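Down below is the structure, laid out as structure tokens.
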Amino acid sequence: ALTNGGAKGLPATYVECTNPPLAQTQFAWVAAQKRGAPGWNVVEVATGHDAMVTDPQGVARIIATATTTKESRESNRSVKSARRSWETHE
């Protein structure tokens with residue numbers, strides 16, 4: 001188990017692949033739960049579940065956007081600061 005909280009408090013992105021809709025899965029339900037939840041961003045992609053294969057540029061844009069939002073930059077700064085603090089106490 002992670003004793004430092006792991007990713008707790010970091011912004012997260014859920015990629016919902018919507019075409020074709022997969023009625024027999026919980027993907028849409030999970031997306032609905034994450035939509036509007038604190039710290040979560042839900043991005044819809046009109047691909048099947050293998051978006052990284054069928055739309056690699058689109059997935060790359062999602063990742064780039066997720067890592068360059070204001071919240072991500074602030075979280076990254078705080079993670080780096082915590083890491084520096086931890087390293088000085090080793």
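Not measured: the values here are computed from a predicted model.
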In sequence, state the C-alpha distance, the side-chain angles, and the governing distance for E16 and K34, and then conclude on salt bridge (Lys or Arg N to Asp or Glu O under 4.0 Å).
CA-CA 10 Å; E16 180 183 16; K34 302 301 181 192; over 6 Å; no
Please check if V45 and V53 belong to a single hydrophobic cluster, counting links between Ile, Leu, Val, Met, Phe, Trp and Tyr side chain heavy atoms closer than 4.5 Å.
no
Using the rule side chain to side chain contact (heavy atoms under 4.5 Å, CB included), only one of N41, T65, T67 pairs with T13; which is it?
N41
Rounded distance [0.5 Å steps], CE in M52 versus OG1 in T47
9.0 Å
About how many Å separate CD of Q26 and CD of Q33, when rounded to the nearest 0.5 Å?
10.0 Å
Exercise: identify the closest heavy-atom pair between C17 and A51:
SG-CB, 3.8 Å
How long is the straight-line distance from CG of D55 back to CG of D50, given to the nearest 0.5 Å?
10.5 Å
V42-V30 co-clustered via ILVMFWY side chain contacts under 4.5 Å
yes
